Amino acid sequence: QVQLVESGGGLVQAGGSLRLSCAASRSIFSINVMAWYRQAPGKQRELVAHIADTFGTMYADSVKGRFTISRDNLKNTVCLQMNSLKPEDTGVYYCNAITGSQTYWGQGTQVTVSS
């Protein structure tokens with residue numbers, strides 16, 4: 001079991017930046033993949049970025065060059081640095097962890113980008 005707690009969301013103007021953090025309740029050293037998803041109002045949840053020690057990082061096309069995912073296995077955290085934010089980045093951002101056959105989700109943090 002692992003609990004995930006997101007923080008860092010908020011309201012920002014277009015062009016601004018936010019840094020989201022996800023704190024895990026235990027060591028993430030053995031967790032295969034950690035990721036950030038988002039869900040906009042009326043839309044399905046979508047993958048934003050993921051990171052794994054084995055294959056590195058992957059980003060959705062819509063955020064490439066603007067977002068950066070990172071993980072700190074010593075601090076048990078995963079962060080998402082979001083720059084040049086756009087109104088279409090608005091949504092609830094969820095932290096996700098996959099280890100073996102288990103998938104875990106955080107409660108989400110709201111990001112709102114005003115135009």
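As the structure is a prediction and not an experimental result, all values here were calculated from the model. Both backbone and side-chain heavy atoms feed into the values below; hydrogens, waters and symmetry mates do not.
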- How far does CG of Asn76 sit from CZ of Arg71, to the nearest 0.5 angstrom? 9.5 Å

- Query: Going from OG1 on Thr77 to CD1 on Ile28, what distance comes out if it is rounded to the nearest 0.5 angstrom?
  - Reply: 6.0 Å

- Which pair of non-hydrogen atoms, one from Tyr37 and one from Ala35, has the smallest distance, and what is that distance? CE1-CB, 3.9 Å

- Report whether Ile98 and Tyr59 are members of the same hydrophobic cluster (ILVMFWY, side-chain heavy atoms less than 4.5 Å apart, transitive linking). no

- Query: Which value, rounded to the nearest 0.5 Å, describes the distance between Leu11 atom CG and Gln110 atom CD?
  - Reply: 9.5 Å

- Query: Should Leu4 and Cys22 count as side-chain neighbours, where that means a heavy-atom distance under 4.5 Å?
  - Reply: yes

- Val63 side chain reached by Arg38 side chain, heavy atoms, under 4.5 Å: yes

- Message: Working to the nearest 0.5 angstrom, can you tell me the gap between Leu20 CG and Trp36 CH2?
- Response: 4.5 Å

- Is the backbone N or O of Val2 less than 3.5 Å from a side-chain atom of Ser25, with the two atoms forming a donor-acceptor pair by type? no

- Task: Ignoring hydrogens and angles, tell me if any N or O in the side chain of Asn83 forms a donor-acceptor pair with the backbone of Ser17 under 3.5 Å.
- Result: no

- Message: Can you tell whether the side chains of Asp89 and Lys86 come within less than 4.0 Å, N to carboxylate O?
- Response: no

- Message: With a 4.5 Å cut-off on side-chain heavy atoms, are Phe29 and Leu74 touching?
- Response: no

- Task: Measure the shortest side-chain to side-chain distance between Gln81 and Ser70 over non-hydrogen atoms and say whether it is less than 4.5 angstrom.
- Result: no

- Tyr104, Leu80: one ILVMFWY side-chain cluster at the under-4.5 Å cut-off? yes

- Message: Within the 4.5 Å heavy-atom criterion, are Thr103 and Trp105 side-chain neighbours or not?
- Response: yes

- Item | Main-chain N/O of Cys95 paired with Glu6 side-chain donor or acceptor, under 3.5 Å | yes

- Any donor-acceptor pair under 3.5 Å from Arg45 side chain to Tyr94 backbone: no

- Task: For the pair Phe55 and His50, name the ring-plane relationship: parallel under 30°, tilted 30 to 60°, perpendicular over 60°.
- Result: perpendicular

- Minimum side-chain heavy-atom gap Ile31-Arg26 below 4.5 Å: yes

- Pairwise side-chain contact, Met82 with Val48, heavy-atom cut-off 4.5 Å (strictly under): no

